[in-house]
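To find a chain, count down the sequence lines: A is the first, B the second, and so on, and within it residues start at 1.
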Amino acid sequence: MPGLEARSVHKRFDGRVVLQGVDLSVDRGLVTILLGANGSGKSTLIRCLTGLERIDAGEVWVAGERTDGLRGSDLRRSRRRVAVVFQQFNIIGNVSVFQNVLNGAMGRVPFGVLGVLAPLAPGRLREKAMYCLARVGLADRADHPARTLSGGQQQRVAIARALMQEAEVVIADEPVASLDPEAGRAVMDLLVTVAREDGMAVLVSLHQLGLVEQYGDRTVGLKAGRVDFDTRFEAVPRDRMEALYLEDAVAQTSLEDSA
Amino acid sequence: MNTQAAIPPRWRAPRWTVWATWAVFLAIFVQGVVAIKLTPERLLRGIGNLGDFLARAFPPDTGGLDAVAWAMLETLNIAIVGVSVGVVLSVPFALLAARNTTPHMLVRSTVRLVIATLRTIPDLIWALIFVVAVGLGPLAGVLAIVLDTIGFAARFFAERIEEVQPGPSEALASTGAGRLSVVMGAILPETFASMTATSLYSVEKAIRSAVTLGLVGAGGIGVELAASMRLFQYDRAFMIILVILVVVIAFEQVSASIRRRVI
Ligand SMILES: Nc1ncnc2c1ncn2[C@@H]1O[C@H](COP(=O)(O)OP(=O)(O)OP(=O)(O)O)[C@@H](O)[C@H]1O
Ligand SMILES: [Mg+2]
C-alpha cells in the first residue's frame with residue numbers, strides 16, 4: 001500500500017481544466033520527484049493531495065484511507081497525516097524558531113495552539129521539538145526569532161516542523177526554488193533522510209533536473225495536467241525530461257486551457 | 001510623415017462645470033461669512049477679550065493642584081480602562097470583519113456596518129447617551145471610550161489582518177490545526193506589532209477625548225475645567241490646561257518609546 005495515491009484526479013478552475021486524470025503513487029521510504037513546466041499543474045496537484053484544494057473528480061488516498069471530499073474534523077485529521085513544505089517556507093517570522101517547530105504538533109494535541117505554545121507545552125513536546133531541530137542542524141538557533149534566519153535555514157525549520165507533525169507523508173512544492181545550490185542540497189538531503197530513516201512517503205516538485213538523478217528514487221513528469229512519464233514503469237532518458245519544457249509542451253497547455 | 005506633435009498650450013479654458021463648481025463654492029463661502037457675522041470689529045473685540053482672559057489667567061492658580069491631579073488621574077483611568085476593554089473587544093470584531101478570517105460574508109458585512117456606525121457617531125454623543133443611561137461620572141466616559149475605540153481600532157485591525165500573507169496560515173492548517181488555532185498561531189503573531197501601535201495611538205486619542213467628555217459630565221478633568229470656566233476662575237482653568245498639556249505630551253513620549261521597541 002503506497003503512502004499517498006492519486007487516482008484519476010481532475011481539477012479545473014473556472015471551467016479551465018488544470019488536471020485531467022492524474023494517476024500517481026508515492027511509496028513509503030522513497031523520494032518521488034515531480035517535474036513539469038510552469039503551469040503544468042504541479043502546485044495544483046500538490047494542493048489537491050494535501051487537501052488545501054478540493055478535486056472535481058477522482059480519488060486521493062493517504063495510507064490506505066480515502067481523503068478527498070472530507071470536511072470539518074475529518075479533513076483536519078487527514079491533513080495531520082500529510083506534512084507540507086512550501087516554496088516560501090511559510091514559517092511565522094515573528095515568533096521563535098522553537099515555537100515554529102512546536103507548531104507542527106498543533107493538529108495532534110488537545111487544545112490546538114494552546115497545547116503547543118512554548119510556555120505551556122508539556123515537556124515531552126518541548127523535548128521532541130528540540131530533537132527535530134537538532135536533526136535539521138539548528139538546535140543552537142532555537143531561541144532566535146525565525147525571521148532572522150537565512151532562507152535555507154528557514155526551510156530547514158519548516159522541515160523540522162514537518163517532522164514534529166509525525167505525519168506519514170511529506171509533500172514539498174519546489175522547496176529549493178529560492179535557495180542557493182548548497183542550501184538546496186542540504187534540504188534535499190534532509191528529505192531523503194526523512195524517507196529512509198522515518199519511512200515516510202516523500203513527494204518533491206522541482207525545476208532542477210540536476211537534482212533528479214541524485215535524489216529521485218522515482219520521477220514523474222507532468223505535462224499539461226497529465227502524467228507524461230513515470231520512471232516506475234519506464235526508464236526515462238534525459239531528453240524526454242527536457243522535452244517537458246519545450247515550446248510544444250507549453251503551447252499544448254494553452255491550447256487545452258482554451259478548450 | 002509628421003511625427004511632431006504640437007506643444008501643449010500654456011493655458012486651456014476650463015469646462016463650464018468647473019466654473020459652475022467654483023461659483024457654487026464661492027456663493028456658499030460668502031453666505032457663510034455673512035451668516036456667522038464675521039466682521040473686523042467683532043474679531044478685534046475678541047482679541048481684546050482674549051487679552052483680558054490671559055491677564056486674569058496669569059499667574060496660573062496652583063492652589064487646588066491636588067484636586068486637579070486627582071481629576072487628571074480619573075481622566076487617565078477613563079482613557080486606559082476604556083481603551084483596554086475596547087482593544088480586547090476589537091480583536092474578535094476585526095476577525096469577524098476581515099475577509100480572510102470571517103466565518104461568513106454576511107457576518108462580515110454586518111460587523112463592518114456595526115463598526116462603521118460606532119465610528120461615525122462622535123464620542124461626545126456616546127457620552128451624552130451614557131450619561132443618561134448610567135448617570136454622571138466616569139463610567140459614562142469609559143463606555144463612550146470603549147465604543148469609540150472599537151470603531152477606530154477594529155477597523156484598523158481588520159485591515160491589517162486582510163494584509164496578512166496566506167502562506168503561514170495555510171502551513172498551520174495543513175498540520176491539521178483548527179480555525180482558531182490558525183488565527184492564534186499565525187495571524188495574531190503577524191499582526192501583533194501593528195495592533196500594538198494602533199492601541200497606543202488609541203490611548204493617546206482617548207486621553208484627549210476623555211478630557212472633553214468631562215465637559216458633558218462624563219467624569220475626569222473636563223468637569224473641573226468646565227466648572228472653572230463657568231465660575232470665571234481663569235487662573236485655575238489655565239493651570240488645568242497646563243496639567244493636561246504636560247500629561248498628553250508625557251504619554252506621547254512613553255507611547256513612542258514603546259512603539260519603537262515593539263516594531
Ligand atoms: N486558484 C487558482 N485559480 C485559477 N487558476 C489557477 C489557480 N491555481 C492555479 N491555477 C492555474 O492552473 C494552472 C497550473 O498552475 P500550477 O500552479 O499548478 O502550475 P505549476 O506546475 O505549479 O507551475 P510552476 O512551475 O510555475 O509552479 C495555471 O494555468 C494556473 O494559472
Ligand atoms: Mg508551482
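- For Val82(A), the part lying near chain B is the backbone, with the side chain staying farther off; criterion is any non-hydrogen pair under 4.5 Å.
- Listed by chain and number, the residues in a side-chain hydrogen bond (donor to acceptor under 3.5 Å, both in side chains) with Asn77(B) amount to none (sequence neighbours excluded).
- Within a 6.0 Å sphere centred on CG of Asp140(A), other residues, nucleotides and ligands contribute more than 12 heavy atoms.
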Inset, instruction - Would you sort out whether Leu117(A) and Met184(B) count as a side-chain contact (heavy atoms from CB on, under 4.5 Å), showing the intermediate values? - result: CA-CA 10 Å; Leu117(A) 282 183; Met184(B) 288 174 61; 5.5 Å; no

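- Looking only at side-chain heavy atoms (C-beta outward), Met106(A) and Leu172(B) come within less than 4.5 Å of each other.
- Between Arg108(A) atom CZ and Thr175(B) atom OG1 the span is 10.0 Å, to the nearest 0.5 Å.
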Inset, instruction - Start with the C-alpha distance between Glu170(B) and Arg47(A), add both sets of side-chain angles, then the distance that settles side-chain contact (heavy atoms from CB on, under 4.5 Å), and finish with yes or no. - result: CA-CA 10 Å; Glu170(B) 269 189 357; Arg47(A) 293 175 61 82; 2.9 Å; yes

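- Among Ile91(A), Asn90(A), Asn103(A), the one residue that satisfies the side-chain contact (heavy atoms from CB on, under 4.5 Å) test with Pro168(B) is Asn90(A).
- Annotation for Arg112(B): atom CZ does not count as buried by contact number, only 12 or fewer foreign heavy atoms lying within 6.0 Å.
- Atom CZ of Arg12(A) has 12 or fewer heavy atoms from other residues, nucleotides or ligands within 6.0 Å.
- For Asn94(A) (side chain) and Pro189(B) (main-chain N/O), a donor-acceptor pair under 3.5 Å exists by modelled atom type.
- In this structure, chain B has no heavy atom under 4.5 Å from any part of Arg81(A).
- Residues of residues 53-68 of chain A lying under 4.5 angstrom from chain B, judged on non-hydrogen atoms, do not exist.
- Remark: side-chain polar atoms of Gln165(A) are paired, donor with acceptor, to backbone N or O of Ser174(B) under 3.5 angstrom.
- Between Ser181(B) and Gly112(A), the shortest heavy-atom distance links the atoms OG-CA, 3.4 Å.
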